[in-house]
Novice: 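Starting off with a structure, shown below.
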Amino acid sequence: MTDLLDLTLSEARDGLRAKDFSAVELTDAYIGAMDRTRSLNAYITETTDKARAMASESDARLAKGDPGALEGIPIGVKDLYCTEGVLTTAASHILDGFKPTYESTVSGKLWSAGGVMLGKMNLDEFAMGSSNTTSFYGPAINPWQEDGNPGKRLVPGGSSGGSAAAVAARSALATVGTDTGGSIRQPAALTGTVGIKPTYGRCSRWGIIAFASSLDQAGPFTRTVRDASIMLGVMAGHDPKDSTSARVEVPNFEAALTGNIRGLRVGVPKEYRIDGMPTEIEGLWMQGIAWMKEAGAEIVEVSLPHTRYALPAYYIVAPAEASSNLARYDGVRYGLRVPGDSLDEMYANTRGEGFGEEVQRRVLIGTYVLSAGYYDAYYLKAQKVRTRIAEDFRKAWDSCDVLLTPATPSAAFGVDERQEDPIQMYLNDVFTVPANLAGIPGISVPAGFDANGLPLGLQILGRAFDEETVLRAADVLERAASFDAAPALRA
Ligand code: GLN
């Protein structure tokens, strides 16, 4: 059945409608793939019985000639989305046994469109990380391997590492993740997949376990830009249950892929040229610029002067919001409870045991920067920086329509690397966090390889609510890069 696994989402959609194969056959192929790639630890929970049942309902709708936009498509969901009656962990010990009584808006939209639920994907605990190594359920593994070094286990990136690994390994046709500071684009880049973080407010956050509410956004992982457009079209839209979800029309994103970027102004921000960037990444960036130019785009150099303050500002704002959002895990309402002699001791015992080291670090940083005396020096200052960063982008849009940058400062690294020093880990997000701080859309497209044969991504950023142009440019980039290699550990 490997041929079914090779189909892109759009090909599978068309094949299902043409009755070339059934949704049950396609789902069974993916269930087999999940089995063969279990060593990647991409799934925390497999919902195979549910998947088979949903697939036969899809077949019934296909037979009636009434298919939804994702009818019969096998999809995995980051285990940060609440799924009704299905274990939802945020990859944290503290949510042991938590089965939500409701479905997140975005995952609900997938199922309403006919999507088939394969399971819940591994992630960094509470989506805090860039390597999927902080998961209580163990690391997810990248299906790519360094040339000639099959013994070295690599990270798929994070925090949506399982979502990325599964799409790369062909154990899900598409997945959904969340991106607070890069958690879709960075793992997409490290696994040779396409990942888009839409504009803040484009997708509802309702029912997604909150990390940093002013930064979190839902988005898809797919093998192609076309597939990302199809997924996003289903996921997006105003939701009265999320006051930050925007009242804007959802365009036909797939129709935006015209293949034509003649006259499009592509900005190249000079501040993204950072010291110590591997030469392959610099080279790929130059190659990307050349591809866009050949396709008829106009290349303009732009300046985003506050870029270097983005990472420090992010690592104040995100933990501040996280410390507040995570206050609800107290041993009373959800999951784990570790008893103590008093109520306070029970809180402390539960949170001390239930949260991992990285989550505790974030809660400590967050409460510190929000405490009286430090609030002005850190939190308020970071908010001011955030405003400046958003202004940088707004000014850039006077001279360009999209920006082209590298997606990450390096390719995938070993599961044991960069673990000692949190700052080293935080540096992975240097190219992705500005878009979250500014709320603008960004996509990572697989575009080349590093010296060890590992995938690298290029990022396209665009104006708020202009995903159509971002996707159109990404589609042209994808065609030029014609990245069609597959990882060693694929199903
Ligand atoms: N790596 C970043 C962090 O740890 C981003 C995480 C995310 O986008 N969820 O905060």
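Order of listing sets the numbers, starting from 1, for every ligand and every atom in it.
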Novice: Using a cut-off of under 3.5 Å, which N/O atoms of ligand 1 pair up with protein N/O atoms, and what distance separates each pair?
Specialist:
residue, atom, partner, partner atom, Å
ligand 1, 1 (N), Gly129, O, 3.0
ligand 1, 1 (N), Ser130, OG, 2.8
ligand 1, 1 (N), Asp429, OD1, 3.3
ligand 1, 1 (N), Asp429, OD2, 2.9
ligand 1, 4 (O), Gly129, N, 2.8
ligand 1, 4 (O), Tyr315, OH, 3.4
ligand 1, 4 (O), Arg362, NH1, 3.4
ligand 1, 4 (O), Arg362, NH2, 2.7
ligand 1, 8 (O), Thr180, N, 2.7
ligand 1, 8 (O), Gly181, N, 2.6
ligand 1, 8 (O), Gly182, N, 3.3
ligand 1, 8 (O), Ser183, N, 3.0
ligand 1, 8 (O), Ser183, OG, 2.6
ligand 1, 9 (N), Ala127, O, 2.8
ligand 1, 9 (N), Ser159, OG, 3.4
ligand 1, 9 (N), Thr180, OG1, 3.4
ligand 1, 9 (N), Ser183, OG, 2.7
ligand 1, 10 (O), Tyr314, OH, 2.6
ligand 1, 10 (O), Arg362, NH1, 2.9

Novice: Would you please name every residue forming a side-chain hydrogen bond (donor to acceptor under 3.5 Å, both in side chains) with Thr37, sequence neighbours left out?
Specialist: none
Novice: Are side-chain N/O atoms of Thr178 and Lys78 paired as donor and acceptor at under 3.5 Å?
Specialist: yes
Novice: Just checking, Arg418 and Phe413: is the charged tip under 6.0 Å from the six-membered ring centre and within 45° of the axis?
Specialist: yes
Novice: Do the ring planes of Tyr329 and Tyr334 sit parallel (below 30°), tilted (30 to 60°) or perpendicular (above 60°)?
Specialist: tilted
Novice: Taking only residues two or more places apart in sequence, or in another chain, which ones meet Pro406 in a side chain to side chain contact (heavy atoms under 4.5 Å, CB included)?
Specialist: Met277, Ile281, Trp285, Phe431
Novice: Who pairs with Ile184 by side chain to side chain contact (heavy atoms under 4.5 Å, CB included), at least two apart in sequence or on another chain?
Specialist: Ser160, Asp179, Phe221
